[in-house]
Amino acid sequence: VLLLAMALTGVFLILLCVGRYSVPPLEAFRIMGVALFRDGQALEALKAENPFGVSVILGSRLPRLLMGMIVGAGLSVAGATYQAIFGNPLVSPDILGVSSGAGFGASLGILLSTSTLIIQGSALTFGLLAVLMVFLVSKVNGRTELFTLVLSGVIIQALFDALVSLIKYVSDPQEKLPAITVWLMGSLAIIVSCVIILPCIAVLLTLRWKMNLLSLDEEEARSLGVNVHRLRSVVIVLSTLMTGVTVSLCGVIGWIGLVIPHVGRMLVGNDHRALLPASALLGALYLLLIDTIARTATAAEIPLSILTAIIGAPFFAWMLRKTSGGST
């Protein structure tokens, strides 16, 4: 985990200088230092000396890199958490329909409005509504079992996927349809505060030692002082909230929450005390690299979901063959 943290720091500093407009490392670190210590006079002098460099570093590249780290860490931690809850290595953060619900909400927002705030708010609202519908559908005799929860997630996800297709069908093919399609492919171009994702990650990290008990029988876990139903409810809410916020801000970015936890297990094992921090660091590192490729490889920015699928699917297939289809 310490080596991953050092690697993430090094890659972050390197990528701060990399892009269509390259900034010399010393100049980039100088701009960062002035901004960090809030030296107004030095910053004005830098703007006069190198206005474009200051604008690129502070106005675009630094916020985007920070956003990439937070989103990658959030999706990876959510994926590892869901896999622990359901005891299934093929589970990803959208298993409860949050991504499909948020996708429908964003599509509806784009269809009815061009306001970014309305689109993000609609995406988050419908993402959380989808999860609420999953819990309502899965409740049988006042109880919710994991099996019915997964099946309900498949049902609600299919429903919202159909509604997204309906929105695309009735959208203006010249303006609205391209905007919906691009948004659904995912991007980090939207720079907003992540005051929800970071606290959710922090709380899940504090609960990570208890997640090892989710694989035990409920009575055995209770004898060790852990209320399994309460723990599951808390971590599901936090992971879902993280995923919903991520999708509402950046669109649907697939494969990270599925693949990265498996890479973490290959490095640190199945103990969630080490797995969750490792997944967070790996996810942040992975999305930093993917986003840099997306914005620099071609003249037009490549949607993130295309790159994550192109890289993630073959890598996941390789892992399955390496482990003979078993658990990693």
Side-chain angles (χ1 to χ4, degrees), residues 1-2 4-5 8 69-99 124 127-128 131-132 134-135 138 143-147 149-150 153 194-247 256-287 327-328:
V1 172
L2 179 60
L4 285 174
L8 177 61
M69 288 197 300
I70 293 171
V71 168
L75 289 174
S76 300
V77 170
T81 301
Y82 276 126
Q83 289 169 12
I85 294 169
F86 294 101
N88 189 333
L90 298 179
V91 167
S92 62
D94 57 358
I95 189 172
L96 298 183
V98 60
S99 296
L124 180 58
L128 298 179
V131 177
L132 178 60
V134 168
F135 275 97
S138 65
R143 292 177 60 86
T144 298
E145 301 296 336
L146 291 180
F147 180 70
L149 194 64
V150 172
C194 292
V195 294
I196 296 179
I197 298 176
L198 286 177
C200 287
I201 294 175
V203 175
L204 287 172
L205 288 177
T206 62
L207 296 174
R208 67 188 186 275
W209 67 273
K210 293 184 178 181
M211 292 184 192
N212 291 326
L213 302 179
L214 292 176
S215 60
L216 300 177
D217 180 78
E218 186 172 333
E219 293 299 327
E220 187 176 357
R222 186 178 287 111
S223 69
L224 295 173
V226 175
N227 187 322
V228 175
H229 282 290
R230 182 183 302 169
L231 177 61
R232 282 175 179 161
S233 299
V234 170
V235 295
I236 284 176
V237 168
L238 292 174
S239 299
T240 300
L241 185 59
M242 263 195 313
T243 306
V245 170
T246 297
V247 175
I256 294 179
L258 174 62
V259 174
I260 295 300
H262 287 277
V263 181
R265 289 187 185 92
M266 293 173 67
L267 295 177
V268 301
N270 290 311
D271 190 339
H272 288 85
R273 291 176 295 180
L275 178 59
L276 255 64
S279 296
L281 293 169
L282 281 168
L285 179 60
Y286 178 67
L287 196 54
S327 173
T328 55

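Small disclaimer: the values here were computed from a predicted structure and weren't measured.
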Under 3.5 Å donor-acceptor pairs involving side-chain atoms of residues 194-205, not counting sequence neighbours:
none

So among Val263, Leu8, Ile260, which one has a side-chain contact (heavy atoms from CB on, under 4.5 Å) with Tyr286? Ile260
Test Ile236 against every option in Val134, Leu241, Leu231, Leu149 by the side-chain contact (heavy atoms from CB on, under 4.5 Å) rule and name the one that passes. Leu149
Nearest 0.5 Å, please: how far is [atom2] in [Y] from [atom1] in [X]?
X: Ser239; Y: Leu96; atom1: OG; atom2: CG; result: 9.5 Å
X: Thr81; Y: Arg208; atom1: OG1; atom2: CZ; result: 11.5 Å
X: Lys210; Y: Asn227; atom1: NZ; atom2: CG; result: 9.5 Å

Is there a side-chain contact between Leu267 and Leu282 (heavy atoms, below 4.5 Å)? yes
Test your reading of the model: is there a side-chain donor-acceptor pair from Asn212 to the backbone of His272, 3.5 Å cut-off? yes
Please report, to 0.1 Å, the donor-acceptor pairs under 3.5 Å made by any side chain of residues 274-281, with sequence neighbours excluded.
residue	atom	partner	partner atom	Å
Ser279	OG	Leu275	O	2.9

Would you name the heavy atoms of Pro93 and Gly257 that are closest together and state the gap between them? CD-CA, 3.6 Å
Which pair of heavy atoms, one from His262 and one from Leu258, lies closest together, and at what distance? CD2-O, 2.8 Å
Only counting residues at least two apart or in another chain, list the ones meeting side chain to side chain contact (heavy atoms under 4.5 Å, CB included) with Val98. Val131, Thr240, Thr243
